[in-house]
**Student:** 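Handing you a structure now.
We count residues from 1, following the sequence as given.
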Amino acid sequence: MTDLTADEARRIILRAQGFLGATARGGGVPAMLRRVGAVQLDTISVLARSHELVAYARLGPVGRSVVERAYWDAPARAFEYWCHAACVLPIEQWPLYAFRRRAYRERRYRWHEVPPVVDKVLEQVRSDGPLTTADIGGAKNGGPWWDWSDTKIAIEFLLDIGEVVCTRRVGWRRVYELAERAVPADLLAQDLSDDECVTRLTTIAGRSLGVATRADLVDFTRVKGRHAAMLDEALLTGAAGLVPVRVSGWPARRGADPDGPNAWADPDALESEPRGRHRTTPLSPFDSLIWERARAERVFGLNHRLEAYVPKDKRVHGYFAMPVLAGGRIIGRVDPAREGATLVARQVGFEPGSGRARAVEAMSDALWEAASWVGCTDVRVERVGAPDLEAPLRAAVARGPRAPIR
């Protein structure tokens, strides 16, 4: 068992996630996707949609069309499926979700009962595909977002069980195609057991997270019941290739030896000390670095909650407050918006701690680089939560970017 300080674990995590060191940019967006293992999707778009923000946070001002092509292109380089949530996943992971596809097939239910039209919809995709929901009759019955039409329920069930797959989008609409036509034949031919699927996904989760508790790994893969037991077995037998570590200050699992391991690590990540340049960037709340609240608080001392669905008068940090990473730490949060060619920081907050002057400069740098990426030529700060830092931040922003935007 390896002993790690909390700071050592944090730096290993940052390198594993692509925020520390020069090698993180190698290979562009496709390599970034393989590094993080899964990129969560969400409909909210402020500066950009979350899947774009994840790539930007690690790679800097990469072209947004480059990001889209890395996720949705022909031939398929990635596909959409259920991991931590609805995610873009490297196409090589297709065989690893056979356990989940089988489980959905057995249940014949997720959010809705599977309607009788499912066979008809499958035949329509077979004869006319690839298709969007508009091509097969529309997505909704006219009520709330979950009031799906029968054809929408049917096509999503077919995606769940792997008869169809989404490897491309048009605008924000999924394009559904038969898996046998879109997924490479060598991947389709692989027939893995549930144990093999969960073991290999646990390995991917461990490598992506760098250092992770058992709860972190379960959250990444979203396994439960007998599949969670398979994850535990893969850890305890070493089949997942992760090694036990004890991180100072991290809690022990309930009922476990308090002097024993409290986390698992990718052994390759332990072989060298993380070094190199840190990224300074705002983070999507759905970024895998911080997407699990307990882990974000444990690693960064960040207590963060997405407030998009909180009534406006009850919000603390803003509609889509983005934590800002600098020097390997969360220095503050910004709730951004766009007005024409101006990036508007509707609300800026700073985390407590030392290095306040450096935090101001880092916040200004993060705002200006993000502005350049989305095509804005100006930055305006509206509210600042720390009165002592308001004037310094406004002055730093008024000076403009300190270095040429890459």
Side-chain angles (χ1 to χ4, degrees), residues 2-40 51-63 66-67 70 90 203-212 216-217 220 241-243 245 247-248 250 263-284 287-292 295-296 298-302 322-331 355 358-359 361-363 365-366 368-370 372-373 401-406:
T2 300
D3 287 312
L4 298 172
T5 67
D7 188 63
E8 288 171 335
R10 178 182 56 82
R11 291 174 60 83
I12 290 170
I13 289 165
L14 288 165
R15 183 176 62 181
Q17 280 277 302
F19 290 100
L20 174 60
T23 60
R25 292 193 178 199
V29 183
M32 181 280 302
L33 178 58
R34 290 192 295 273
R35 175 188 290 273
V36 299
V39 170
Q40 185 173 345
H51 64 274
E52 297 173 290
L53 293 169
V54 168
Y56 165 75
R58 290 156 176 80
L59 304 177
V62 60
V66 173
V67 177
T203 302
I204 289 170
R207 288 177 180 168
S208 170
L209 297 176
V211 181
D216 296 337
L217 297 169
F220 188 107
L242 305 179
V243 295
V245 297
V247 183
S248 175
W250 286 22
W264 300 85
D266 172 15
D268 291 342
L270 301 178
E271 290 186 355
S272 62
E273 182 181 348
R275 296 179 181 276
R277 181 181 178 184
H278 287 279
R279 276 286 290 151
T280 296
T281 180
L283 299 168
S284 164
D287 193 296
S288 53
L289 184 69
I290 56 169
W291 66 16
E292 208 281 307
R295 177 174 169 86
R298 185 188 333 121
V299 176
F300 296 106
L302 175 70
M322 300 177 67
V324 176
L325 181 73
R329 301 184 184 279
I330 303 298
I331 61 161
R358 289 194 299 273
E361 294 296 338
M363 181 67 73
D365 290 346
W368 274 109
E369 188 187 75
S372 174
W373 178 58
R402 291 190 294 174
I405 301 297
R406 300 185 305 279

**Student:** How long is the straight-line distance from CG of L14 back to CZ of F300, given to the nearest 0.5 Å?
**Tutor:** 4.5 Å
**Student:** Locate the shortest heavy-atom distance separating P282 from A366; write the atom from each residue and the value.
**Tutor:** CD-CB, 4.0 Å
**Student:** Which pair of non-hydrogen atoms, one from W373 and one from L53, has the smallest distance, and what is that distance?
**Tutor:** CZ3-CD2, 3.7 Å
**Student:** W368 and P401: which non-hydrogen atoms are nearest, and at how many Å?
**Tutor:** CD2-CD, 3.6 Å
**Student:** Which heavy atom of A370 sits nearest to which heavy atom of Y56, and what is that distance?
**Tutor:** N-OH, 3.1 Å
**Student:** List the steps and the verdict of side chain to side chain contact (heavy atoms under 4.5 Å, CB included) for M32 and V62.
**Tutor:** CA-CA 12 Å; M32 181 280 302; V62 60; over 6 Å; no
**Student:** Return each pair, listed once, that meets salt bridge (charged side-chain N to carboxylate O under 4.0 Å, His left out) where at least one residue sits in residues 9-24; pairs must be two or more places apart or across chains.
**Tutor:** D7-R10
**Student:** First locate atom CG of L270, then atom CG of L242, and finally report the distance between them rounded to the nearest 0.5 Å.
**Tutor:** 10.0 Å
**Student:** Between atom CG of L217 and atom CG of L209, what is the distance when rounded to the nearest 0.5 Å?
**Tutor:** 6.5 Å
**Student:** Take V66 and V29, measure what side chain to side chain contact (heavy atoms under 4.5 Å, CB included) needs, and give me the verdict at the end.
**Tutor:** CA-CA 8 Å; V66 173; V29 183; 4.2 Å; yes
**Student:** Distance from T281 atom OG1 to D365 atom CG, nearest 0.5 Å?
**Tutor:** 11.5 Å
**Student:** Roughly how far, to the nearest 0.5 Å, is the NE2 atom of H51 from the CG atom of L33?
**Tutor:** 11.5 Å
**Student:** Passes side chain to side chain contact (heavy atoms under 4.5 Å, CB included), H278 versus L325? Steps please.
**Tutor:** CA-CA 9 Å; H278 287 279; L325 181 73; over 6 Å; no
**Student:** With side chains defined as the heavy atoms from C-beta onward, is the minimum distance between V245 and E8 less than 4.5 Å?
**Tutor:** no
**Student:** Start with the C-alpha gap between T280 and I331, add the side-chain angles, then the distance that decides, and say whether side chain to side chain contact (heavy atoms under 4.5 Å, CB included) holds.
**Tutor:** CA-CA 10 Å; T280 296; I331 61 161; 5.9 Å; no
**Student:** Please report the interatomic distance CZ(R58) to OG(S288), rounded to the nearest 0.5 Å.
**Tutor:** 4.5 Å
**Student:** Between W291 and S284, is there a side-chain heavy-atom distance shorter than 4.5 Å?
**Tutor:** no
**Student:** Minimum heavy-atom separation for D266 to G206, with atom names?
**Tutor:** CB-O, 4.1 Å
**Student:** Closest heavy-atom contact between V247 and A263?
**Tutor:** CG2-CB, 4.2 Å
**Student:** Looking at side-chain heavy atoms only, is the closest gap between R298 and D216 below 4.5 Å?
**Tutor:** yes
**Student:** Less than 4.5 Å apart, any side-chain heavy atom of P61 and any of E369?
**Tutor:** yes
**Student:** Does any N or O in the side chain of Q17 come within less than 3.5 Å of the main-chain N or O of S208, such that one atom is a donor and the other an acceptor?
**Tutor:** yes
**Student:** Who are the salt bridge (charged side-chain N to carboxylate O under 4.0 Å, His left out) partners of E292, not counting sequence neighbours?
**Tutor:** none
**Student:** Hey, are the side chains of F19 and L283 touching, using non-hydrogen atoms and a 4.5 Å cut-off?
**Tutor:** yes
